[in-house]
Amino acid sequence: MTSEGTFYTSDSPPSDERSGDSREGPRAAGREPLAAGPAYEACPPAELHRLREEVAQLRQALDSRPVIDQARGVIMASGRCGPDTAWQVLVDTSQRTNTKLREVARLLTRATHQEPLPEWLRSAVSASCARAARAARQNGTAG
């Protein structure tokens, strides 16, 4: 809580409170303040914890979305498939390798910058692409 009685949705205060720079407020640091008051104080601690976790997960999803979209593009270009099929390849690869989808996407996009793609991931993506192509042929749809 700040001296003004405001709670922030992050564990650390905004940059202006850490550095003494008053030009940046909580919105500039990407944090929305939660005003202290009856509604906030009436919120049970377990619910408050759940809401904070949900906010953190949503922020992480927003942060990883561009990398996931880039990875879909990589798969679309290399697998000559559409966006829905590329998404399914990412999901299938993630599930079959027990790897977070955002990590699969990160590794795929790094491989476009002359970093080697791990062999386990290359094999998993190739197998997922083959499964998607097989399913498309059986359904009579294009990839």
Side-chain angles (χ1 to χ4, degrees), residues 1-2 4 6-37 39-143:
M1 182 179 331
T2 68
E4 294 88 25
T6 303
F7 289 92
Y8 291 100
T9 57
S10 173
D11 292 335
S12 60
S15 60
D16 61 326
E17 289 183 13
R18 286 190 305 265
S19 66
D21 184 356
S22 61
R23 292 174 294 169
E24 294 183 24
R27 293 189 205 300
R31 294 173 190 85
E32 293 293 323
L34 296 176
Y40 183 85
E41 293 164 3
C43 188
E47 178 68 2
L48 187 59
H49 178 73
R50 186 193 69 74
L51 290 171
R52 284 184 173 148
E53 284 184 349
E54 184 176 347
V55 167
Q57 290 171 356
L58 290 170
R59 283 189 178 143
Q60 187 173 44
L62 284 173
D63 290 345
S64 62
R65 192 68 204 189
V67 174
I68 291 170
D69 287 342
Q70 290 171 7
R72 283 174 71 183
V74 169
I75 292 171
M76 289 165 58
S78 63
R80 296 186 181 102
C81 62
D84 292 339
T85 301
W87 172 253
Q88 198 53 50
V89 166
L90 279 174
V91 169
D92 185 64
T93 300
S94 170
Q95 291 175 347
R96 290 178 183 267
T97 61
N98 197 27
T99 307
K100 294 280 186 186
L101 194 139
R102 67 179 173 267
E103 179 64 11
V104 169
R106 186 183 69 79
L107 291 169
L108 277 170
T109 56
R110 280 183 31 191
T112 64
H113 298 287
Q114 308 305 325
E115 293 189 32
L117 188 63
E119 179 57 32
W120 64 268
L121 183 56
R122 190 200 60 73
S123 297
V125 170
S126 293
S128 291
C129 283
R131 279 189 290 278
R134 209 171 22 255
R137 280 193 306 274
Q138 289 174 350
N139 296 332
T141 61

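Computed from a prediction, not measured in an experiment: that's the story for all the values here.
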Donor-acceptor pair, side chain of [X] and main chain of [Y], under 3.5 angstrom:
X	Y	value
Asn139	Ala135	yes
Arg72	Ala86	no
Ser94	Leu90	no
Thr112	Thr109	yes

Go through the structure and list residues passing side-chain hydrogen bond (donor to acceptor under 3.5 Å, both in side chains) with Thr99, not counting sequence neighbours.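 For Thr99 the side-chain hydrogen bond (donor to acceptor under 3.5 Å, both in side chains) partners, ignoring immediate neighbours, are Thr97.
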
Please enumerate all residues that pass side-chain hydrogen bond (donor to acceptor under 3.5 Å, both in side chains) together with Gln57, with sequence neighbours excluded.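 Per chain and number, Gln57 pairs via side-chain hydrogen bond (donor to acceptor under 3.5 Å, both in side chains) with no residue.
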
Using the side-chain contact (heavy atoms from CB on, under 4.5 Å) rule, pick out the option among Val91, Asn98, Thr93 that qualifies with Gln95.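 Among the candidates, only Val91 passes.
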
[X] [atom1] to [Y] [atom2] distance, which is reported to the nearest 0.5 Å:
X	Y	atom1	atom2	result
Arg131	Ser126	CZ	OG	10.0 Å
Leu121	Leu108	CG	CG	5.0 Å
Trp87	Ile68	CH2	CD1	5.5 Å
Lys100	Arg106	NZ	CZ	14.0 Å

Can we say Glu53 and Arg50 salt-bridge, meaning some charged N sits less than 4.0 Å from an Asp/Glu carboxylate O?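 Looking at Glu53 and Arg50, the cut-off is not met.
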
Can you name the nearest heavy-atom pair linking Leu117 to Leu107, along with the distance?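 Closest approach of Leu117 to Leu107: CD1-O, 3.8 Å.
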
Quick check: do Arg65 and Asp69 have side-chain heavy atoms less than 4.5 Å from each other?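 The answer is yes, as the side chains (C-beta and beyond) meet within the 4.5 Å cut-off.
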
Go through it in stages, so that I can follow the logic: the residues are Gln70 and Val74, the test is side chain to side chain contact (heavy atoms under 4.5 Å, CB included), and I'd like the CA-CA distance, side-chain angles, deciding distance and then a yes or no. CA-CA 6 Å; Gln70 290 171 7; Val74 169; 5.6 Å; no

